[in-house]
Number of protein chains: 4
Amino acid sequence: MSDEQNNSQIGGIAAEALRQFIERIERLEEEKKALAADIKDVYSQAKSQGFDTKIMRKIVSLRRLEDQEREETEQLLDLYKAALGMA
Amino acid sequence: MSDEQNNSQIGGIAAEALRQFIERIERLEEEKKALAADIKDVYSQAKSQGFDTKIMRKIVSLRRLEDQEREETEQLLDLYKAALGMA
Amino acid sequence: MSDEQNNSQIGGIAAEALRQFIERIERLEEEKKALAADIKDVYSQAKSQGFDTKIMRKIVSLRRLEDQEREETEQLLDLYKAALGMA
Amino acid sequence: MSDEQNNSQIGGIAAEALRQFIERIERLEEEKKALAADIKDVYSQAKSQGFDTKIMRKIVSLRRLEDQEREETEQLLDLYKAALGMA
DNA sequence: CTGCCATTTTACCGGC
DNA sequence: GCCGGTAAAATGGCAG
């Protein structure tokens with residue numbers, strides 16, 4: 001009996017479903033990890049061209065924060081509009 | 001003059017290069033964020049089917065650790081080989 | 001009035017309690033720093049006796065990983081037990 | 001044959017020396033880890049008494065920085081003295 | 001002095 | 001909605 005089939009013997013069909021969820025998650029995490037490596041590469045390239053990566057990181061995080069604020073502001077505006085029947 | 005072109009007036013050509021690095025990083029981070037959301041979704045689906053996400057997370061982290069250990073072992077072997085002139 | 005007593009004048013009794021927490025933390029960090037120096041020394045000694053510290057560090061980190069894995073496995077078992085009402 | 005003696009069969013007496021270095025390091029790291037846990041505990045206690053641990057951490061790091069500066073200043077003074085024959 | 005690794009800080013997620 | 005614990009980002013320290 002193969003390993004794959006073995007799994008489903010333990011908890012019935014549920015074990016197989018679990019295994020598939022786990023595998024999907026692991027695949028997604030692999031991709032996420034790859035992207036993290038890509039980002040690291042970009043910083044390395046920038047560094048090799050004389051840019052200060054610490055400052056770059058600050059810029060990126062600042063812009064991320066600004067985006068957040070903008071979104072929150074918009075959501076707040078939507079809320080106000082809805083409250084005033086301007087939806 | 002457009003805003004985009006404005007940037008490159010500050011520090012010469014370097015500013016434009018910097019802008020491109022930042023944008024590449026931000027695009028990659030967007031993708032990473034999307035993957036994180038996907039992973040979260042998978043956990044949600046699993047939960048809605050009655051699986052214990054806490055256990056699932058432990059399983060995932062345990063398997064990740066096993067991978068790491070395997071990698072470290074290989075790296076250690078490589079170091080041994082290099083140290084013994086078997087490169 | 002002494003400096004030590006001055007502190008407690010600022011925010012009432014809380015300031016004194018805070019001061020004591022901070023001092024305890026600083027003492028503990030001192031000890032931690034000393035241990036880090038000790039570890040560094042051991043590596044230095046080993047190196048002076050011809051050992052490859054890079055390999056040594058890999059060994060140490062590998063064993064640390066193994067410990068972690070063992071702990072995670074136990075935690076996973078505990079979770080299983082709890083989930084099955086075997087707590 | 002015991003495990004301990006086995007080790008020394010691989011690379012002669014060196015293997016035993018290596019083993020002892022590794023063990024010393026691991027013991028020291030254990031202690032370091034324990035101290036880290038102690039520090040975490042102190043922060044927890046402080047938190048449970050209503051203190052803001054984030055601010056406390058800032059205080060601790062600021063004081064650490066001040067200590068560093070003071071030491072560096074003293075070292076600089078010593079250097080000047082030595083240069084002026086005031087050692 | 002540069003890259004790498006450990007530590008530390010920050011953010012996130014789930015549970016209560 | 002907070003709080004505790006877990007993963008990611010950022011910083012600092014060390015060896016080469």
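No hydrogens, no waters, no symmetry mates; every other heavy atom, side chains included, goes into these values. Numbered from 1 within each chain, the chains take letters A, B, ... in sequence-line order.
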query = Would a 4.5 Å heavy-atom cut-off, applied to side chains only, mark A/Glu71 and A/Glu66 as touching?
reply =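 Heavy-atom side-chain distance check fails, nothing below 4.5 Å.
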message = A side-chain contact here means heavy atoms from C-beta on lying under 4.5 Å apart; do A/Lys54 and A/Arg57 qualify?
response = no
key: Within 6.0 Å of CZ in D/Arg63, more than 12 heavy atoms from elsewhere   =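 It does not: D/Arg63 CZ has 12 such atoms or fewer within range.
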Could you tell me whether [X] contacts a base, only the sugar-phosphate backbone, or nothing, with contacts defined as non-hydrogen atoms closer than 4.0 Å?
X	answer
B/Lys32	sugar-phosphate
C/Thr53	sugar-phosphate
A/Lys47	sugar-phosphate
D/Lys54	sugar-phosphate

task = Take A/Arg57 and D/Lys40, find for each the nucleotide of DNA chain F with the closest heavy atom, and name the residue whose nucleotide sits nearer the 5' end.
result = D/Lys40
query = Start at the 5' end of DNA chain F and walk down; is the nucleotide closest to A/Glu29 or to C/Tyr43 reached first?
reply = A/Glu29
request  = Check side chain to side chain donor-acceptor pair (under 3.5 Å) between C/Glu69 and all other residues, then give those that pass, not counting sequence neighbours.
outcome  =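 Side chain to side chain donor-acceptor pair (under 3.5 Å) check on C/Glu69 returns nothing, list empty.
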query = Among side-chain atoms of D/Gln49 and D/Gln45, is any donor-acceptor pair under 3.5 angstrom?
reply =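 Per modelled atom types, D/Gln49 and D/Gln45 side chains form no pair under 3.5 Å.
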Side chain to side chain contact (heavy atoms under 4.5 Å, CB included) between C/Tyr43 and C/Val60, worked out = CA-CA 11 Å; C/Tyr43 277 116; C/Val60 171; 3.7 Å; yes
ask   = What are the 5'-most and 3'-most nucleotides of DNA chain E lying under 4.0 Å from any heavy atom of chain B?
value = E/dC13 to E/dG15
query = For DNA chain E, whose closest nucleotide is more 5', that of A/Gln68 or that of D/Ala36?
reply =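 The answer here is D/Ala36.
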message = Tell me the closest heavy-atom pair linking B/Lys32 and A/Ala36, and the distance in Å.
response = CD-N, 4.0 Å
query = Looking at D/Phe51 and C/Ala17, what are the two nearest heavy atoms and their distance?
reply = CZ-CB, 4.1 Å
remark   = Counted 5' to 3', the first and last nucleotides of DNA chain F within 4.0 Å (strictly under) of a heavy-atom of chain A are F/dA8 to F/dG12
